[in-house]
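Any value given below was found using the heavy atoms of this structure, including those in side chains, with hydrogens, waters and symmetry copies removed.
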Amino acid sequence: MSKKKVLVVGGTGYLGQHVLQGFAEIRGTPYDVAFTYNSFPPQPLLDAFPDSLAFQVDLKTGLGFHSISQQFGQPDVVVNCAALSVPRACEKDPDAATSINVPTSLVNWLSSFTQDDNTLLIHLSTDQVYEGVKSFYKEEDEAVPVNVYGKSKVAAERFISEKWANFAILRSSIIFGPQTVSPVPKSLPIQWIDGVLSKGDKVEFFYDEYRCPVYVKDVVTIILTLIDKWFSEGKKTQLLLNVGGPDRVSRVQMAEAVAQIRGHDSSLIKPISASSVDRGVMSPADISMDITKLVQTLNISPTPFKDGVKLTLAVETCS
């Protein structure tokens, strides 16, 4: 039996690295794994996952995909974790947001293979496709994004569903969890809250913006389960899933959970309204998601928020 080929696009990012870790932990793995990076060869990742192949790819131009065809061949599954995901950066440069977040070069490359419908594309989208005017959005609710980031992600969803035969689009909330093998430059939400509260200074948090943060290892489990299902059932797959945790929480509630678990002074948490701060970008108020379809389709129950925070901080204490 030849091994199935999996390509992780954006393997050096936060989720990408956790996905690679997830594959590395499968005993007697049935997969050959490759990943893409954008600017520099990630030595810590190459050391941590010596069996994985790394390819430099420019998603804007598609430069680099040809060498994957030559050295790795057609992947059976592509997990696309690559994105320009900072809303303010997307607002400043809409063209860059579109060229990176809509996977045109990736899909064009996949279409170059003769058996192009043999590849499952798992694509990470966002809860920011929703308008944010109610609680617990369902997948069939209309996507009405309020910022460039959300709009670029809606465009990506439409592009994939029109141009690709087999896909699973995962609308993810804030992903949190332990740091990666090769530390990512952006600040991680739980670690950042822990860091600022540990200094003993008062910190402002929004009380009126709601999300369903999801523990990173749950997202990895969801991706691995989808891949397993694809290979075992061999059926046409066209899925859209909300990927969030089971709890709807505000930034204040996130901070309170960290304070409670770490023993920080909760009076340092100063609740403010999101509308009182100009962040240079519109932000949806309540994009909490209904995850019934996820639970029923994959038989997965994501980790409660507080449990995920405990797991995250336990790793930070050990490291």
Side-chain angles (χ1 to χ4, degrees), residues 9-10 12-16 18 38-39 59-60 80-104 123-137 139 141-160 169-177 180 184-193 196 203-214 216 219 240 242-245 248-255 271-289:
V9 176
T12 53
Y14 182 70
L15 178 60
H18 276 287
N38 178 31
S39 45
L59 289 176
K60 290 181 182 178
N80 183 25
C81 304
L84 187 59
S85 59
V86 179
R88 199 184 294 129
C90 293
E91 217 64 28
K92 279 187 178 159
D93 194 345
D95 291 344
T98 301
S99 64
I100 294 167
N101 292 347
V102 181
T104 312
H123 176 81
L124 269 291
S125 189
T126 175
D127 53 2
Q128 295 215 27
V129 300
Y130 298 118
E131 190 175 7
V133 293
K134 64 173 196 145
S135 304
F136 297 113
Y137 279 87
E139 288 87 350
D141 285 326
E142 194 184 352
V144 188
V146 299
N147 55 37
V148 170
Y149 173 53
K151 286 170 185 167
S152 70
K153 286 298 206 173
V154 169
E157 291 185 4
R158 286 189 183 136
F159 177 76
I160 290 164
I169 293 167
L170 309 180
R171 287 178 173 166
S172 156
S173 185
I174 296 168
I175 298 174
F176 72 95
T180 44
V184 290
K186 68 173 187 178
S187 65
L188 302 177
I190 304 306
Q191 290 85 335
W192 181 83
I193 294 169
V196 293
V203 193
E204 295 176 339
F205 291 95
F206 301 138
Y207 63 79
D208 52 359
E209 267 193 13
Y210 292 91
R211 311 284 288 271
C212 290
V214 61
V216 68
V219 184
L240 173 64
N242 283 338
V243 173
R248 171 185 178 266
V249 291
S250 67
R251 303 282 176 166
V252 166
Q253 289 169 317
M254 287 172 73
I272 62 161
S273 172
S275 60
S276 67
V277 179
D278 179 12
R279 286 173 276 172
V281 58
M282 283 271 291
S283 197
D286 185 347
I287 43 177
S288 54
M289 297 187 292

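- Between E157 and V129 the shortest side-chain heavy-atom distance falls below 4.5 Å.
- Nearest heavy atoms, V154 versus P145: CG2-CG, 3.8 Å.
- A donor-acceptor contact closer than 3.5 angstrom links the side chains of N147 and Q128.
- Shown here for K186 and Y14, the closest heavy-atom pair between the two residues is CE-CB, 4.3 Å.
- A pairwise comparison of heavy atoms in V148 and C90 identifies CG1-O, 3.3 Å as the closest pair.
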Working for side chain to side chain contact (heavy atoms under 4.5 Å, CB included), residues V216 and L15: CA-CA 7 Å; V216 68; L15 178 60; 4.0 Å; yes
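- Side-chain contact between N242 and R171: present, with at least one pair of heavy atoms (C-beta onward) separated by less than 4.5 Å.
- Atom CD of E139 and atom CG of D141 lie 9.0 Å apart (nearest 0.5 Å).
- Residues V144 and Y130 have side chains not in contact (no heavy-atom distance under 4.5 Å, counting atoms from C-beta outward).
- Taking 4.5 Å as the limit, some side-chain heavy atom of D286 sits within range of a side-chain heavy atom of R248.
- Counted within 6.0 Å of NZ on K134, heavy atoms from surrounding residues, nucleotides or ligands total more than 12; the atom is thus considered enclosed.
- Here the side chains of S273 and Y207 are in contact, with some heavy-atom distance below 4.5 Å.
- Closest approach of P284 and G132 over heavy atoms only: CB-CA, 3.9 Å.
- The CZ atom of F176 sits 12.5 Å away from atom CZ of R211, with the distance rounded to the nearest 0.5 Å.
- Heavy-atom minimum distance, I169 versus S125: CG2-CB, 3.8 Å.
- Distance alone, capped at 3.5 Å, is enough to place a donor-acceptor pair between the S288 side chain and the F136 backbone.
- Taking the six-membered ring for Trp and thresholds of 30 and 60 degrees, W192 and F205 have ring planes more than 60 degrees apart, a perpendicular arrangement.
- Remark: side-chain polar atoms of S173 are not paired, donor with acceptor, to backbone N or O of G244 under 3.5 angstrom.
- A 4.5 Å side-chain heavy-atom check between H123 and K153 finds at least one atom pair inside the cut-off.
- Of the inter-residue distances, the one linking N101 atom CG with T126 atom OG1 reads 9.5 Å to the nearest 0.5 angstrom.
- Atom-to-atom distance recorded for M289:CE and S172:OG is 6.5 Å, nearest 0.5 angstrom.
- Closest approach of S152 to A97, counting heavy atoms only: CB-O, 4.0 Å.
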Working for side chain to side chain contact (heavy atoms under 4.5 Å, CB included), residues M282 and E91: CA-CA 9 Å; M282 283 271 291; E91 217 64 28; over 6 Å; no
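- Considering only heavy atoms from C-beta on, V219 comes within 4.5 Å of V243 through its side chain.
- Heavy-atom neighbours of R88 CZ from other residues, nucleotides or ligands within 6.0 Å: at or below the threshold of 12.
- One distance of note links CG of L188 with CD1 of I193; it measures 11.0 Å at 0.5 Å rounding.
- Two residues are said to be in side-chain contact when any heavy atoms from C-beta on lie closer than 4.5 Å; L84 and S99 fail this criterion.
- To the nearest 0.5 Å, atoms CG (D208) and OG (S275) are separated by 6.0 Å.
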